[in-house]
Amino acid sequence: MRFLILAAGVVLAGCSADQPRANETTANLAAPEPAANQSAAGNETASVTGPLAGYVGKYPFDKLDGKTFFEQPLVRSAVEGAVRDAAIRTWIFEKAGPQAPIAVVEGRLAAWGCEAHNCGPHQWTVLVAPDGHDAQVCYQPDGADKPVWYAGGEKIARTDPCPSGE
């Protein structure tokens, strides 16, 4: 008899598992993301084609055909052409801190990263066309109020924040 009562209790408890009980909070239930936080990158992703397009959605350190995003000759060449400062290129290529998945921003692949334990004030984004051309680099040095943008080896007139693609 005890077994039947215990079994009935388990069955009844399982039936209501989907519904929060009156004394439970629903704060952890999934809610749709606010529209202001949603990325436009999802709409752009479908139209991306080119030798680098396979990196969209992957982290810059993920390998595709045996190479990370920044090991790809097309990307390295594009970044080297966009920014001449070797110290900035070293941060981008060699000093892996937190990174976001590669997204599509302004029709280009966007690879974002920052210095570990110092993300807010020291970050960068590489924007490069899916074919490896037309690169722009956004670099915000530690302590700067705003980032510096580079293209074609020169600073360019952009003052917007470094996009993370999120």
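Numbering starts at 1 and runs along the sequence shown.
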Within a reach of under 6.0 Å around CG of Asp145, are more than 12 heavy atoms found that belong to other residues, nucleotides or ligands?
no
Tested for side chain to side chain donor-acceptor pair (under 3.5 Å) against His122, the lone hit among His117, Glu115, Gln140 is Glu115
Is there a side-chain contact between Gln136 and Trp149 in this structure, where contact means two heavy atoms from C-beta onward sitting under 4.5 Å apart?
yes
At what distance, to the nearest 0.5 angstrom, does SG of Cys138 lie from CD1 of Ile156?
9.0 Å
Distance-minimising heavy-atom pair for Pro130 and Gly107
CD-O, 3.7 Å
Going from OH on Tyr150 to CD1 on Ile88, what distance comes out if it is rounded to the nearest 0.5 angstrom?
3.5 Å
Can you tell me if CG on Asp65 sees more than 12 non-hydrogen neighbours from other groups inside 6.0 Å?
no
Verify side-chain contact (heavy atoms from CB on, under 4.5 Å) between Tyr55 and Val128, making sure each step is shown before the conclusion.
CA-CA 12 Å; Tyr55 284 99; Val128 63; over 6 Å; no
Using a strict 4.0 Å threshold on nitrogen-to-oxygen distance, state whether Glu94 and Arg89 make a salt bridge.
no
Going by heavy atoms in the side chains, are Pro73 and Lys67 under 4.5 Å from each other?
yes
Take Asp131 and Leu74 through the side-chain contact (heavy atoms from CB on, under 4.5 Å) test and state the conclusion after the steps.
CA-CA 8 Å; Asp131 66 359; Leu74 289 172; over 6 Å; no
Co-membership, hydrophobic cluster, residues Phe93 and Trp91, 4.5 Å side-chain
yes
Tyr59 reachable from Val75 in the ILVMFWY side-chain graph, under 4.5 Å edges
no
Between Val126 and Phe70, is a side-chain contact (heavy atoms from CB on, under 4.5 Å) present by the stated rule, with each step listed?
CA-CA 10 Å; Val126 171; Phe70 290 120; 3.9 Å; yes
Do Lys63 and Thr68 come close enough that some side-chain heavy atom pair is under 4.5 Å?
yes
Can you name the nearest heavy-atom pair linking Phe69 to Ala111, along with the distance?
CE2-CB, 3.7 Å
Please name the pair of heavy atoms, one in Arg84 and one in Gly152, separated by the smallest distance, quoted to 0.1 Å.
NH2-O, 4.0 Å
Where Val137 and Ile92 come nearest, the two heavy atoms and their spacing
CG1-CD1, 3.7 Å
Result of checking Asp134, Val48, Thr125 against Arg108 for side chain to side chain contact (heavy atoms under 4.5 Å, CB included)
Asp134
Within the structure provided, determine whether Val83 and Tyr139 are in side-chain contact (heavy-atom separation under 4.5 Å).
no
What heavy-atom pair brings Gln72 and Leu64 nearest, and what distance separates the two atoms?
NE2-O, 3.9 Å
If you compare all heavy atoms of Pro101 against all heavy atoms of Gly57, which two are closest, and at what distance to 0.1 Å?
CB-O, 3.8 Å
